[in-house]
Amino acid sequence: MNDILTSKFVEEMKKTAANMYRLGWDERNGGNISYLLNDSEVDGYLDLNEVIREIPIGFETKELAGKLFIVTGTGKYFKNVEEDPETNLGIVRIKEDGRTAQLLWGFKDGGRFTSEFPAHMMSHSARLKVDPKNRVIMHCHPTNMLAMNFVHELDEKKLTHTLWEMCTECIVVFPDGVGVLPWMLCGTNTIGEATANKMREFRLVVWSMHGIYGAGNSMDETFGLIETVEKAAQIYMLTAHLPRKNTIKD
Ligand code: 13P
Ligand code: ZN
């Protein structure tokens, strides 16, 4: 068996968490990532017959049964993922009953997956129906996007339009725009269902006054989506209080 710490997927999780932390998107334990893994990717790194323990997931997702995910742990700090992936990350497989996660690696200190597991799993289901290649769901608390939530209307069309106006590339990167949920209690099945519902239409979903969700086919693509929105929000926050002299026309 190869050392799983040298696998591409653990490397990607480490690098992404470190970058997200460095950019200030994930203070303390803020944010979470889940990454759908193919059996062929884990082959040689993981014994699929060795279940460390089973963790109830608190909802039913039969359509994800048998699927493998590497996911960040609840209460774990993004800044620590790089130095100790085996404590801060875990690999789980959804059991046939759709109600149990089988831990195959990680969460070494007895931990469990993110409290946002409902939003992640329900979003994976929703995105896979639209795009069978979807693999990543990412949640974080980007500073400028959050700041913008307090001073800009939280209307989907208006927020999308303002973001598109801030950088020429925005409309190319997220032509589907951004979905917006009102402030809701996080870590619940209810916010999970609402997020997944938006994910049928959008790859970016703003959790008002909390953060953002992104979905994509790869870690780079998903990271890039959030990075582009955050850049647009930053330009908005740098200019919103100044007289506007120029604008990108519709
Ligand atoms: P977790 O530590 O459970 O992943 O929660 C962090 C977070 O961002 C909640 O929305
Ligand atoms: Zn959060």
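Numbering of ligands and ligand atoms starts at 1, following listing order.
Hydrophobic clustering (ILVMFWY, side-chain heavy atoms < 4.5 Å, transitive): Ile137 and Ile70 are in distinct clusters.
In summary, no N, O or S atom of Cys186 is located under 2.8 Å from the Zn ion (ligand 2). Coordination check, Cys140 versus the Zn ion (ligand 2): failed, since every N/O/S atom of the residue sits at 2.8 Å or beyond.
When only interatomic distances are considered, the shortest N/O to N/O separation between Lys76 and ligand 1 does not fall below 3.5 Å. Residue contacts with ligand 1: Cys186 is placed with no nitrogen or oxygen under 3.5 Å of a nitrogen or oxygen of the ligand (distance criterion only).
For atom 8 (O) of ligand 1, the closest heavy atom belonging to the protein is Gly31 N, 2.9 Å. In terms of protein heavy-atom proximity, atom 4 (O) of ligand 1 is nearest to Thr114 OG1, 2.7 Å. Distance from atom 10 (O) of ligand 1 to its nearest protein heavy atom, with residue and atom name: Glu116 OE2, 2.5 Å. Nearest protein neighbour of atom 7 (C) of ligand 1, counting heavy atoms only, is Asn32 ND2, 3.5 Å.
By the neighbour-count criterion of 12 heavy atoms within 6.0 Å, atom CZ of Phe9 is densely surrounded, having more than that number from other residues, nucleotides or ligands. Enclosure of atom CZ in Arg53 by more than 12 non-hydrogen atoms of other residues, nucleotides or ligands within 6.0 angstrom is indicated.
Below 4.0 Å from some heavy atom of Gly30 lie the following atoms of ligand 1, by number and element: 8 (O). Residue contact check: His210 has heavy atoms under 4.0 Å from atoms 10 (O) of ligand 1. Taking a cut-off of under 4.0 Å to the non-hydrogen atoms of Thr74, the atoms of ligand 1 that pass are 1 (P), 2 (O), 3 (O). Of all atoms in ligand 1, listed by their number and element, those nearer than 4.0 Å to a heavy atom of Asn29 are 1 (P), 2 (O), 5 (O), 6 (C). Each of the atoms 8 (O), 10 (O) of ligand 1 lies under 4.0 Å from some heavy atom of His139. Near His141, meaning under 4.0 Å from one of its heavy atoms, ligand 1 places the atoms 8 (O).
With respect to Glu63 and Lys129, a salt bridge is recorded, a charged nitrogen being found less than 4.0 Å from a carboxylate O. Here Arg99 pairs with Glu60 in a salt bridge; the nearest charged N to carboxylate O distance falls below 4.0 Å. Between Lys133 and Glu221 there is no salt bridge, since no side-chain N of the basic residue sits under 4.0 Å from a carboxylate O of the acidic one.
The backbone N or O of Arg127 lies less than 3.5 Å from no partner atom in the side chain of Arg203, so there is not a single donor-acceptor pair.
Aromatic ring centroids of His124 and Phe69 lie under 6.0 Å apart.
Remark: at the Zn ion (ligand 2), atom NE2 from His210 and atom NE2 from His141 enclose 100°, rounded to the nearest 10 degrees.
To the nearest 0.5 Å, atom CH2 of residue Trp183 and atom NE2 of residue His210 are 9.5 Å apart.
Note: His152 and Tyr236 have perpendicular aromatic rings, judged against thresholds of 30 and 60 degrees for the angle between ring planes.
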